[in-house]
Amino acid sequence: MGNSKSGALSKEILEELQLNTKFSEEELCSWYQSFLKDCPSGRITQQQFQSIYAKFFPDTDPKAYAQHVFRSFDSNLDGTLDFKEYVIALHMTSAGKTNQKLEWAFSLYDVDGNGTISKNEVLEIVMAIFKMITPEDVKLLPEDENTPEKRAEKIWKYFGKNDDDKLTEKEFIEGTLANKEILRLIQFEPQKVKEKIKNA
C-alpha cells in the first residue's frame, strides 16, 4: 500500500533537511505528518504560526514576536512557510550552531530587511520580547534592563553605536560573539529566569 505522494516527505527534501539540521529521518517524517494534519495545504500561514506560538506562551502575548519570527523565516516572502522553511526555523531557534543562530537573530532584528539594524529596530523586537515576559519575571530583571527602552539602550551601548548609527550583520555577529551580555539581552529565554528563581 505505500504512502500517497501528498502524505510522504519527498526524498530530496528529507535528505536536504537531514544534511542541514540535527533531526533524524523518523523525527522529520513524524513532524511532517502532524504538519499536514494542522496545515493540509502543506503551508503554514502567519495566523497559524502565531497560534502555534501562543500555545508555548499561554500566559503572555507572543503575537508580535511570532510575527517577526515568521517574517525572518519566510525566505521566499510569499506569506507562508512550507515544511522545509518551518523545520529550518525550528532547527535555527533550538539546535543551530551559534553563528547560524546569530545570522538568524540578525534577520529577526533587521525588521525592514535592508541589511542593517537601527536602534529603533532593536527596540521593536525588544518590545515584542517584553510582551512574552510575565509581570512576575519582569520584576526579576536588573534595574537597567527592566523596560524595553532600557534594554534596547543597553544593547545599543554594548555595540558602541550612536542613536542614528546602523549595525551591519558582521558587526552584529562579531559584537555578540565577543560579548556574552549582548547574547543574553537579545534573546528571549524565560526558562533561564525560572531557573534563577528556583536556585535563588
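Across N179, V122, I155, a single residue satisfies side chain to side chain contact (heavy atoms under 4.5 Å, CB included) together with L185, and that is I155.
We find the CD1-CD distance between I182 and Q187 to be 12.0 Å, quoted to the nearest 0.5 Å. Separating the OG1 atom in T21 from the CD atom in Q18 is a distance of 7.5 Å, to the nearest 0.5 Å. Atom-to-atom distance recorded for I133:CD1 and D61:CG is 12.5 Å, nearest 0.5 angstrom. Here the straight-line distance linking atom CD1 of I129 with atom CZ of R151 works out to 6.5 Å at 0.5 Å rounding. The distance from the OG1 atom of T45 to the CG atom of L81 is 9.0 Å, given to the nearest 0.5 Å. The CG atom of N99 lies 10.0 Å from the OG1 atom of T176; values are rounded to the nearest 0.5 Å.
Under the 3.5 Å distance criterion, the side-chain polar atoms of Q33 are left unmatched by any main-chain donor or acceptor of S30. Put simply, the side chain of Q46 never gets that close to the backbone of F70: no donor and acceptor are under 3.5 Å apart. Side-chain N or O atoms of Q50 include none that pairs as donor or acceptor with a backbone N or O of A66 at under 3.5 Å. Listed for the D110 side chain is a donor-acceptor partner under 3.5 Å among the backbone atoms of G115. Here the side chain of E15 pairs no donor or acceptor atom with the backbone of E12 at under 3.5 angstrom. No donor-acceptor pair closer than 3.5 Å links the side chain of E153 to the backbone N or O of E149. Side chain of R71 to main chain of G113: no donor-acceptor pair is present (N/O by atom type, distance under 3.5 Å, no hydrogens or angles). Between the K131 side chain and the A64 main chain, no donor and acceptor come within less than 3.5 Å of each other. Distance alone, capped at 3.5 Å, is enough to place a donor-acceptor pair between the N20 side chain and the E16 backbone. Remark: the backbone N or O of N162 is paired with a side-chain donor or acceptor of D165 at under 3.5 angstrom.
In this structure the side chain of E85 reaches within 4.5 angstrom of the side chain of D82, judged on heavy atoms. A heavy-atom distance below 4.5 Å is not found between the side chains of L36 and F83. Looking at D38 and I44, their side chains never come closer than 4.5 Å, going by heavy atoms from C-beta outward. You'll find the side chain of I186 stays beyond 4.5 Å of the side chain of L108, heavy atoms only. Residues L102 and F106 are not in side-chain contact: their nearest non-hydrogen atoms beyond the backbone lie 4.5 Å or more apart.
Under the 3.5 Å distance criterion, with hydrogens and angles disregarded, no donor-acceptor pair is assigned to the side chains of S51 and Q48. Side-chain contact annotation: S118 with N120, donor-acceptor N/O pair under 3.5 Å absent.
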Given F130 and L141, is the side chain to side chain contact (heavy atoms under 4.5 Å, CB included) satisfied, shown in steps?
-> CA-CA 11 Å; F130 263 72; L141 293 171; 3.9 Å; yes
Would W31 and F23 count as a ring-ring contact (aromatic ring centres under 6.0 Å, His included) if you check the C-alpha gap in whole Å, the side-chain angles of each, and the deciding distance to 0.1 Å?
-> CA-CA 10 Å; W31 285 345; F23 305 130; 4.7 Å; yes
From CA spacing to verdict: salt bridge (Lys or Arg N to Asp or Glu O under 4.0 Å), E181, R184 = CA-CA 5 Å; E181 271 300 282; R184 180 183 66 77; 2.8 Å; yes
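Between E121 and I117 the shortest heavy-atom distance is OE1-CA, 3.2 Å. Nearest heavy-atom pair across A54 and P62 is CA-CG, 3.7 Å. Heavy atoms only, all atoms of each residue included: T60 and M132 are closest at CG2-O, 3.2 Å. Nearest approach of V126 to Y109, heavy atoms of both residues: CG2-OH, 4.2 Å. Between D78 and T80 the shortest heavy-atom distance is OD1-O, 2.7 Å. Residues V138 and N146 approach most closely at CG1-O, 3.7 Å, considering heavy atoms.
In terms of the side chain to side chain donor-acceptor pair (under 3.5 Å) criterion, E25 has no residue partners (sequence neighbours excluded).
Counting Ile, Leu, Val, Met, Phe, Trp and Tyr side chains that sit under 4.5 Å apart, directly or through other members, L123 shares a hydrophobic cluster with M127. L77 belongs to no hydrophobic cluster, as no Ile, Leu, Val, Met, Phe, Trp or Tyr side chain comes under 4.5 Å of its own.
Within a 6.0 Å sphere centred on NZ of K84, other residues, nucleotides and ligands contribute 12 heavy atoms or fewer.
The residues E136 and K139 are annotated as not salt-bridged, no charged nitrogen and carboxylate oxygen being separated by less than 4.0 angstrom. A salt bridge links E145 with K154: the closest approach of a Lys/Arg side-chain nitrogen to an acidic carboxylate oxygen falls below 4.0 angstrom. The pair D163-K119 meets the salt-bridge criterion, with a side-chain N (NZ, NE, NH1 or NH2) lying under 4.0 Å from an Asp/Glu carboxylate O.
The aromatic rings of F35 and Y86 lie tilted to each other, with the angle between the two planes from 30° to 60°.
A distance below 6.0 Å separates the ring centres of F73 and W104.
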